[in-house]
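Notes follow the structure.
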Amino acid sequence: MDIQERPLEHCFDEGRAAALDGSDERACPYSAETIEYETWMEGYESVVEDN
């Protein structure tokens with residue numbers, strides 16, 4: 001599976017990685033109110049909510 005099949009998967013993974021590194025949600029590099037931002041936050045929150 002390449003990035004064109006799941007174009008936002010990397011955003012989710014980046015959000016998870018940031019949470020695992022101890023970063024806060026302000027580390028998100030995407031503009032608010034974009035699908036990339038929402039996907040990044042989903043990844044971030046999936047880690048934060050588990051801990």
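One-based numbering along the sequence shown.
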TODO: Dump the intermediate steps for side-chain contact (heavy atoms from CB on, under 4.5 Å) on Tyr30 and Met41, then the final yes or no.
DONE: CA-CA 10 Å; Tyr30 302 103; Met41 290 301 292; over 6 Å; no
TODO: Verify side-chain contact (heavy atoms from CB on, under 4.5 Å) between Ser46 and Phe12, making sure each step is shown before the conclusion.
DONE: CA-CA 9 Å; Ser46 73; Phe12 186 89; 3.8 Å; yes
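Rounding to the nearest 0.5 Å places SG of Cys28 at 5.0 Å from CH2 of Trp40. To the nearest 0.5 Å, atoms CD (Glu49) and CD (Glu42) are separated by 10.0 Å. Between the CG atom of Leu8 and the CD atom of Glu14 there is a distance of 10.5 Å, given to the nearest 0.5 Å. Separation of atoms OG1 (Thr39) and CD (Glu36) is listed at 7.0 Å; rounding is to 0.5 Å.
Heavy atoms only, all atoms of each residue included: Tyr37 and Ser31 are closest at CB-O, 3.1 Å.
Remark: side-chain polar atoms of Asp21 are not paired, donor with acceptor, to backbone N or O of Ser23 under 3.5 angstrom.
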